[in-house]
Amino acid sequence: MAAVEGSLQEESLKRRERLKAVRKKSGLQDEQTSNESDSLRGEKRSLDDSSQPAPPPRLIKFRNYLPKDETLKEKKIPNAKPLSVEDEVQEHLEKAKADKVIEEVDLANLAPRKPDWDLKRDVAKKLEKLEKRTQRAIVELIREQLQQGEDLAAAVNAAASEQNYEAE
């Protein structure tokens with residue numbers, strides 16, 4: 001049992017040394033960390049411990065307040081001057097000027113489109129497919145009529161007269 005306690009103490013000492021090395025790397029002082037660890041262990045610290053350095057005094061700066069005391073008037077910050085906006089506006093105006101002059105105007109881009117242009121565009125692909133199918137169907141009908149022995153000229157004239165009748 002004593003050997004186990006001795007090994008545990010050795011491990012705790014090694015761990016403590018590693019922690020001190022890490023604290024040194026991180027910039028914390030050994031005194032502060034040891035004092036904190038002592039307080040965590042329950043040991044009492046004296047309240048008037050003068051080993052810790054005093055915090056630096058705060059600097060007083062008056063931005064909007066003009067103190068009446070002469071010694072404090074020295075600590076007033078001078079008023080900031082606003083930046084001139086005119087220069088920035090001039091730069092923006094120069095950037096906004098058009099450098100290019102358009103010599104030719106494309107009337108197709110300026111003319112308004114018809115209200116149904118998008119419908120025609122979308123339907124065009126479907127119409128191409130239907131047109132191909134229509135042509136195939138016409139060719140098949142003509143072949144059937146030729147196989148039945150009808151006159152080709154009469155069949156074509158009959159189809160043309162039907163189209164004229166439907167168009168009227």
Side-chain angles (χ1 to χ4, degrees), residues 1-138 166-167:
M1 188 76 152
V4 173
E5 289 179 8
S7 65
L8 289 177
Q9 287 179 353
E10 289 175 8
E11 288 178 15
S12 67
L13 289 174
K14 288 179 184 177
R15 185 178 50 209
R16 191 174 293 161
E17 292 299 321
R18 285 194 307 257
L19 286 173
K20 284 183 181 179
V22 168
R23 289 179 184 141
K24 279 186 180 180
K25 285 182 181 178
S26 68
L28 293 175
Q29 296 177 357
D30 290 331
E31 295 174 5
Q32 291 176 346
T33 56
S34 64
N35 287 339
E36 290 171 2
S37 63
D38 291 344
S39 66
L40 291 175
R41 283 188 230 142
E43 297 177 2
K44 295 183 180 179
R45 282 186 4 198
S46 64
L47 294 176
D48 27 284
D49 187 14
S50 61
S51 64
Q52 293 182 354
R58 298 185 80 188
L59 298 175
I60 297 175
K61 297 178 185 177
F62 297 109
R63 296 183 197 280
N64 298 327
Y65 176 71
L66 182 61
K68 295 180 180 178
D69 188 17
E70 294 296 325
T71 57
L72 293 177
K73 282 185 179 180
E74 297 171 359
K75 295 183 179 183
K76 178 162 181 356
I77 297 174
N79 293 335
K81 295 180 182 177
L83 300 173
S84 73
V85 179
E86 296 169 351
D87 296 335
E88 291 184 25
V89 170
Q90 287 295 334
E91 289 176 14
H92 287 293
L93 288 176
E94 290 173 4
K95 289 180 183 177
K97 289 181 182 176
D99 295 334
K100 296 180 182 179
V101 177
I102 301 174
E103 295 176 4
E104 294 181 17
V105 176
D106 188 16
L107 294 178
N109 291 337
L110 291 179
R113 294 183 176 176
K114 293 181 180 178
D116 61 346
W117 70 272
D118 57 338
L119 296 174
K120 290 181 180 177
R121 179 196 64 208
D122 294 340
V123 174
K125 293 179 184 176
K126 295 177 183 177
L127 286 176
E128 288 176 11
K129 290 180 183 178
L130 289 176
E131 185 66 30
K132 289 179 184 177
R133 289 182 183 175
T134 305
Q135 293 297 327
R136 287 182 191 154
I138 291 173
E166 290 174 2

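Side chains included, hydrogens not; waters and symmetry mates left out as well; all remaining heavy atoms used.
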message = Quick check for you: to the nearest 0.5 Å, what is the distance between Leu93 atom CG and Glu91 atom CD?
response = 10.5 Å
query = CZ of Arg121: more than 12 outside heavy atoms within 6.0 angstrom?
reply = yes
Where Lys75 and Ile60 come nearest, the two heavy atoms and their spacing = CB-O, 3.6 Å
request  = Evaluate the salt bridge (charged side-chain N to carboxylate O under 4.0 Å, His left out) criterion for residues Glu128 and Lys125: first the C-alpha distance (whole Å), next the side-chain angles of each, then the deciding distance (0.1 Å), finally the verdict.
outcome  = CA-CA 5 Å; Glu128 288 176 11; Lys125 293 179 184 176; over 6 Å; no
note = So NZ of Lys24 and NZ of Lys20: to nearest 0.5 Å the spacing works out to 8.0 Å
ask   = Any chance the side chains of Glu94 and Gln90 put a donor and an acceptor closer than 3.5 Å?
value = no
query = Can you tell me how far the CZ atom of Arg23 sits from the OG atom of Ser26, to the nearest 0.5 Å?
reply = 8.0 Å
request  = Please round to the nearest 0.5 Å and tell me the distance separating atom CD1 of Ile77 and atom CG of Asn64.
outcome  = 9.0 Å
message = Rounded to the nearest 0.5 Å, what separates atom NZ in Lys76 from atom NZ in Lys61?
response = 13.0 Å
query = Is Glu70 salt-bridged to Lys73, cutoff N-O under 4.0 Å?
reply = yes
note = CG of Leu8 to CG of Leu13, rounded to nearest 0.5 Å, is 11.0 Å
request  = For residues Leu130 and Thr134, report the shortest heavy-atom separation together with the two atoms involved.
outcome  = O-OG1, 2.7 Å
